[in-house]
Amino acid sequence: MEETLAHSDDWFAVTPADDYLLHPPENGASGGRVLTFTSQIVSPWPKNNLVHARFFRARASGPAVVLLPNWNAKWNGQLNLCRWLNALGITVLRLSLPYHDRRVAPGHERADQLVGSNVGLTLQATRQAITDTRRCLRWLEQQGYTRLGLVGTSIGSAVGSITMAHDPAVRAGAFLHVSTYFADAVRTGMTTMHVWEGLRSKVTEDELRRYWTPVSPVPYMHRLRDTGQRLLMVGGRYDPTFWYEFTDEMFSTLREKGIRLETLVLPCGHYSLELAPFAFPAGLRLGLFLFEALA
């Protein structure tokens with residue numbers, strides 16, 4: 001793990017895909033167009049290796065973000081957020097994470113390979129999510145979008161934070177539900193405790209944290225110091241999936257490192273953030289932050 005952390009630029013390195021294809025609109029123009037390309041990471045499931053991303057164009061140039069949804073998000077998840085950002089003049093490319101919706105492994109209904117008791121496969125899948133995100137950024141650049149940002153929710157925030165720390169083209173990141181170490185969030189989270197139950201007889205808490213450190217945000221956050229990149233992080237004080245103590249630890253760690261950070265904490269949980277009334281202040285703050293940071 002130490003070797004991977006020391007050479008993370010190589011581990012997360014990408015080249016643009018050579019088969020980007022923007023398909024015609026599905027279900028009318030409001031559904032967005034679908035971008036496909038081949039993932040740089042080759043998994044055992046060919047279906048997962050064809051990346052799908054939904055493209056919501058606000059303008060032909062200007063600001064654009066890659067949106068990274070939560071674990072087990074559905075194909076139509078977070079579309080209202082995409083349209084809200086479009087209304088602010090921000091183009092959105094919503095990535096389907098590895099093993100999600102059209103990338104699901106045959107015989108599976110959930111993305112258990114992205115967060116699961118197979119330690120190595122979880123590492124590979126999260127690394128794949130990060131390199132897929134970077135290939136999305138390269139495509140946006142090819143289309144003429146130069147003011148780039150990232151939006152991530154839950155595991156999408158981890159993927160986005162690590163991507164931002166390795167890709168200087170990203171000017172700003174807005175992340176909903178954040179945590180320090182991948183293993184700690186999985187081990188304690190209400191929706192992921194079953195993963196820890198399948199692991200606890202084989203590894204200790206400290207071992208799992210060390211094994212999954214390369215796909216944890218906090219080891220890379222020092223790279224954001226003095227880059228000019230801007231960060232907004234939003235948390236729920238009563239979140240049983242990403243415990244607030246880990247969120248608060250992330251805030252403190254970033255501030256101790258002298259990294260430019262804005263925060264918003266709401267009295268909600270993990271999934272209630274997307275519901276009224278909490279969705280309104282979160283969406284407003286996120287939208288205005290990106291509007292200003294990518295202006």
Side-chain angles (χ1 to χ4, degrees), residues 4 7-27 31-57 64-78 82 91-116 118 120-146 148-152 155-156 158-160 162-170 214-215:
T4 302
H7 298 92
S8 61
D9 280 318
D10 296 329
W11 206 54
F12 294 124
V14 295
T15 58
D18 58 11
D19 62 346
Y20 292 119
L21 180 61
L22 188 61
H23 299 263
E26 299 182 8
N27 303 318
R33 300 181 69 179
V34 177
L35 174 72
T36 60
F37 59 89
T38 299
S39 179
Q40 184 160 299
I41 304 297
V42 180
S43 76
W45 294 274
K47 188 176 180 182
N48 174 57
N49 298 333
L50 182 64
V51 182
H52 289 74
R54 300 182 70 171
F55 182 55
F56 297 86
R57 190 177 87 159
V65 299
V66 179
L67 190 150
L68 307 163
N70 54 289
W71 186 41
N72 288 313
K74 304 303 181 186
W75 178 251
N76 290 319
Q78 296 191 316
C82 296
T91 291
V92 181
L93 186 61
R94 182 201 177 278
L95 175 66
S96 287
L97 295 175
Y99 303 101
H100 282 67
D101 47 74
R102 298 185 181 187
R103 305 177 67 180
V104 69
H108 291 260
E109 296 182 358
R110 293 165 47 88
D112 294 318
Q113 297 85 356
L114 184 59
V115 183
N118 185 322
L121 183 55
T122 294
L123 277 169
Q124 183 197 56
T126 309
R127 180 189 179 202
Q128 185 176 33
I130 293 161
T131 55
D132 290 348
T133 302
R134 297 192 72 185
R135 281 199 160 180
C136 285
L137 292 167
R138 301 292 81 80
W139 181 80
L140 286 170
E141 289 174 331
Q142 291 178 8
Q143 308 313 302
Y145 297 98
T146 56
L148 300 177
L150 294 170
V151 178
I155 194 171
V159 170
I162 297 170
T163 302
M164 187 173 177
H166 289 85
D167 203 312
V170 179
V215 292

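For the single chain, residues carry numbers from 1 onward in sequence order. Computed over heavy atoms, backbone and side chain alike; hydrogens, waters and symmetry mates excluded.
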Heavy-atom side-chain proximity of [X] to [Y] below 4.5 angstrom:
X: Trp11; Y: His166; answer: no
X: Gln143; Y: Leu35; answer: no
X: Glu109; Y: Val104; answer: no
X: Thr146; Y: Glu141; answer: no
X: Phe37; Y: Cys136; answer: yes
X: Leu137; Y: Thr163; answer: yes
X: Gln124; Y: Ser43; answer: yes

Compare every heavy atom of [Y] with every heavy atom of [X], then report the nearest pair and how far apart it is.
X: Pro98; Y: Asn48; value: CA-OD1, 3.3 Å
X: Leu150; Y: Gly160; value: CD1-O, 3.4 Å
X: Leu95; Y: Ala129; value: CD2-O, 4.2 Å
X: Leu93; Y: Ala53; value: CD1-CB, 3.7 Å
X: Arg57; Y: Tyr145; value: CG-OH, 3.2 Å

Report the residues that fulfil side-chain hydrogen bond (donor to acceptor under 3.5 Å, both in side chains) with [X], sequence neighbours left out, ordered by chain and then residue number.
X: Gln142; result: none
X: Gln78; result: Thr153
X: Thr38; result: Asp19
X: Thr122; result: none

Which residues pass the salt bridge (charged side-chain N to carboxylate O under 4.0 Å, His left out) test with [X], not counting sequence neighbours?
X: Arg127; value: none
X: Asp112; value: Arg110
X: Asp9; value: Arg223

Worksheet item: Can you name the residues that form a ring-ring contact (aromatic ring centres under 6.0 Å, His included) with His52, not counting sequence neighbours?
Response: none
Discussion item. Tell me every residue that passes ring-ring contact (aromatic ring centres under 6.0 Å, His included) with Tyr99, counting only those two or more places apart in sequence or in another chain.
Written reply: Trp45
Worksheet item: Just how far is it from atom CG of Asp10 to atom CZ of Phe12, taken to the nearest 0.5 Å?
Response: 11.0 Å
Discussion item. Working to the nearest 0.5 angstrom, can you tell me the gap between Leu123 CG and Thr4 OG1?
Written reply: 8.0 Å
Discussion item. Set out, in order, the CA-CA distance, both residues' side-chain angles and the distance that settles side-chain contact (heavy atoms from CB on, under 4.5 Å) for Ile155 and Leu97, then state yes or no.
Written reply: CA-CA 10 Å; Ile155 194 171; Leu97 295 175; 4.0 Å; yes
Worksheet item: Under 3.5 Å, side chain of Thr131 to main-chain N/O of Gln128, donor-acceptor pair present?
Response: yes
Item to complete: Kindly say whether Ala13 contributes a backbone atom to a donor-acceptor pair with the side chain of Gln40 at under 3.5 angstrom?
Response: yes
Item to complete: Start with the C-alpha distance between Thr15 and Arg135, add both sets of side-chain angles, then the distance that settles side-chain contact (heavy atoms from CB on, under 4.5 Å), and finish with yes or no.
Response: CA-CA 7 Å; Thr15 58; Arg135 281 199 160 180; 3.3 Å; yes
Practice prompt. Give a yes or no on whether the ring-centroid distance for Trp139 and Phe55 is below 6.0 angstrom.
Written response: yes
Discussion item. Under the rule for side-chain contact (heavy atoms from CB on, under 4.5 Å), what residues qualify as partners of Asn76, not counting sequence neighbours?
Written reply: Arg54, Leu79
Just list the side-chain donor-acceptor pairs under 3.5 Å for residues 65-74, sequence neighbours left out, or say none.
| unit_1 | atom_1 | unit_2 | atom_2 | d |
| --- | --- | --- | --- | --- |
| Trp71 | NE1 | Ala111 | O | 2.9 |
| Asn72 | OD1 | Ala111 | N | 2.8 |

Worksheet item: Which residue pairs satisfy the salt bridge (charged side-chain N to carboxylate O under 4.0 Å, His left out) criterion with at least one member in residues 96-107, sequence neighbours excluded?
Response: Glu26-Arg102, Arg103-Asp132
